[in-house]
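Below you'll find the structure, written out as structure tokens, and then a few comments.
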Amino acid sequence: MAGQGLRPSDERVADLLVDVAVVVVWIIVATLAFRALELPVTAYYLVVFAGVVSYSLATDPREWRLRSAFDRDGTRTGSEREGN
């Protein structure tokens with residue numbers, strides 16, 4: 001089918017949901033800590049930003065892109081075969 005290569009697999013969706021959950025939890029924990037300790041807002045933004053960037057660098061983004069380019073059996077998806 002033509003649009004089949006565009007549908008995300010269940011594994012990709014689950015990985016994305018885990019990533020979103022980790023980032024949301026990080027922001028909530030940082031917010032609660034900075035409010036409880038009454039630390040400066042500038043430091044809060046730096047800590048939140050650094051945490052999100054660190055998490056994104058710790059997880060391998062190339063792996064996510066490569067999994068989307070290949071089917072489960074290792075063959076390229078339709079959009080990759082066509083050069084798109």
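Hydrogens, waters and symmetry mates play no part in the numbers below; they use all other heavy atoms, side chains included.
- The hydrophobic cluster containing Leu37 also contains Tyr45, counting ILVMFWY residues as joined when their side-chain heavy atoms lie under 4.5 angstrom apart, directly or transitively.
- Within the structure, ring-ring contact (aromatic ring centres under 6.0 Å, His included) contacts touching residues 10-30 (residues at least two apart or in different chains) do not occur.
- Under the side-chain hydrogen bond (donor to acceptor under 3.5 Å, both in side chains) criterion, Tyr55 pairs with Asp19, not counting sequence neighbours.
- Its side chain within the 4.5 Å cluster rule, Val29 clusters with Val25 among the Ile, Leu, Val, Met, Phe, Trp and Tyr residues.
- Under a hydrophobic clustering in which Ile, Leu, Val, Met, Phe, Trp and Tyr are joined whenever their side-chain heavy atoms come within less than 4.5 Å, directly or via other members, Leu57 and Phe49 fall into the same cluster.
- Placement of Val41 and Ile27 within a single hydrophobic cluster is found when ILVMFWY residues are connected by side-chain heavy-atom separations under 4.5 Å, directly or transitively.
- Residues passing the ring-ring contact (aromatic ring centres under 6.0 Å, His included) test with Tyr44 are Phe34, sequence neighbours excluded.
- Every residue two or more places apart in sequence or in another chain that forms a side-chain contact (heavy atoms from CB on, under 4.5 Å) with Ile28 is listed here: Val24, Leu32.
- When the side chains of ILVMFWY residues are joined at heavy-atom separations under 4.5 Å, either directly or via intervening members, Val48 and Leu46 end up in two distinct hydrophobic clusters.
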